[in-house]
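A quick write-up on the structure given underneath.
Keep in mind that this is a model prediction, so the values were computed, not measured. Every number for a ligand or one of its atoms is a count from 1 in the order of the listing.
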Amino acid sequence: MTFRSPTGAEDLLPERAAAFRRIEAAVRDVCERFGYREIRTPIFEYTELFERGVGETTDIVEKEMFTIPPRSEDGEASLSLRPEMTAPTARALIEHNLHKARPFNKLYYIGPAFRRERPQKGRLRQFSQFGVEAFGSDDPRLDAETIQVLAEVLRAAGVKRTEIRLNSIGCGVCRAAYRDALKARVKADLAAYCPNCAKRFERNPFRIFDCKQEKCRAISANLPPIADALCEACRGHFAEVRRSLQAAGLDHTLDGRLVRGLDYYTKTVYEFTSDDLGAQNAVGGGGRYDGLVAELGGPAMGAVGFAAGIERIALLLGDGAAAPAACDFYVVVIRPEDRGEAFKLASRLRTEGFAGDLDYEGKSVKAQMRSANAAGARHVVVLGPDEWARGEVKVKAMATGAETAVKAEALVAALRGRSA
Ligand code: AMP
């Protein structure tokens with residue numbers, strides 16, 4: 001019997017892990033440059049948080065959560081693996097009163113999220129998300145800032161081409177009026193839509209814009225866009241977001257169909273997409289969610305953020321994403337009986353801060369040299385019987401091929417001098 005990883009959950013083998021780490025380093029660097037501070041929340045939460053915070057009518061909550069049912073013995077409520085990190089971040093903000101210590105908080109996160117979806121290219125059941133959330137401001141420039149953060153992360157990670165799609169879905173007031181108008185207009189045509197749309201429409205009419213089916217898209221293409229129904233304040237907000245994007249040098253496309261799947265969005269919504277990704281073409285997406293903190297029991301406050309997927313960025317970068325690890329030295333022994341001395345040398349060099357390796361497989365001298373080459377070692381330290389009898393080793397600089405005899409006690413200084 002052999003075991004496999006669970007459906008939709010992948011092992012990150014060393015090269016892929018290195019590619020992920022490079023993307024994560026870009027995330028940390030850019031987020032911190034923009035003044036966001038890291039937050040780490042648990043990978044599971046009480047299920048109710050997602051029901052309230054993501055919305056009970058969403059696919060995520062309706063169908064895709066990994067839920068651990070409540071245990072009657074201890075009376076603990078149902079738990080779910082997090083399908084996203086915005087609701088947990090807002091929960092943590094409220095629980096720890098971060099908004100009282102500072103009325104304005106900029107946070108970022110990186111970590112796994114879980115959705116029980118049908119796996120396909122770029123869609124997993126355990127995937128890695130990063131994102132930012134800024135709490136405590138209504139300023140439209142902040143919406144633009146979050147978009148710039150994602151654009152910069154993608155640029156720093158080496159992603160070449162993505163498109164920024166932008167829309168506004170209005171506030172509680174104009175959105176509600178538009179929703180009623182939309183309901184009235186679509187009701188007559190509902191039979192022409194797919195069964196999924198018909199079902200979704202009852203609970204959240206905006207979701208008909210989300211449908212990927214051609215026939216549904218064709219009908220909804222004739223519906224008036226929400227942008228035309230925005231109130232004065234939302235219109236002004238959206239115009240300022242667009243001006244700020246221009247000021248930041250970010251091209252974008254207006255997309256009246258973009259409504260995003262989660263219930264908590266208000267005003268600005270955006271998505272970064274790439275044609276190089278196939279069906280799952282979203283790299284990341286976000287928007288403003290001014291109602292969420294109050295919905296979760298905190299004070300009313302403006303908030304905006306995005307989440308993006310590391311797997312999809314790794315797909316866009318291809319195999320070239322991982323840079324090989326640095327290797328300062330490789331210790332080669334001529335005689336097997338000197339392996340103990342080689343171990344001592346290597347351990348000293350490593351505690352001095354050098355990166356390097358040695359043979360543990362009893363390889364021939366030639367094979368050890370091949371390992372040194374494969375590791376990309378900058379120096380090979382040869383421990384040969386004649387030199388060792390004089391308390392010396394031979395150091396070969398791999399770039400030039402130059403060999404020098406070095407006293408064992410001077411090895412650290414010699415490598416340091418040459419590594420510099
Ligand atoms: P969402 O909150 O659904 O917009 O997700 C934000 C980003 O997370 C998406 O744009 C994707 O890059 C990524 N993502 C969402 N679901 C998955 C999944 N099942 N597998 C891989 N990446 C995902």
Using a strict cut-off of less than 4.0 Å between a Lys/Arg side-chain nitrogen and an Asp/Glu carboxylate oxygen, indicate whether [X] and [Y] qualify as a salt bridge.
| X | Y | result |
| --- | --- | --- |
| E10 | R16 | yes |
| E24 | R21 | no |
| D290 | R288 | yes |

Any atoms of ligand 1 less than 4.0 Å from a non-hydrogen atom of [X]? List them with their elements.
| X | value |
| --- | --- |
| G284 | 10 (O) |
| G122 | 20 (N), 21 (C), 22 (N) |
| E117 | 16 (N), 18 (C), 19 (N) |
| A282 | 10 (O), 11 (C), 12 (O) |

Ligand 1-proximal atoms of V283, by part, heavy-atom distance under 4.0 Å
backbone

Under-4.0 Å heavy-atom contact with ligand 1, by part of R123 that carries it:
both

Does any N or O of ligand 1 fall below 3.5 Å from an N or O anywhere on [X], backbone included?
| X | value |
| --- | --- |
| F127 | no |
| E271 | no |
| A308 | no |
| L124 | yes |

Test item: side-chain donor near acceptor, [X] and [Y], under 3.5 Å:
| X | Y | result |
| --- | --- | --- |
| Y36 | E133 | no |
| H252 | R242 | yes |
| T253 | E163 | yes |
| Y193 | S220 | no |
| Q120 | R123 | yes |

Taking atom 5 (O) of ligand 1 as the point of reference, which of E84, Q129, Q280 owns the nearest heavy atom?
Q129

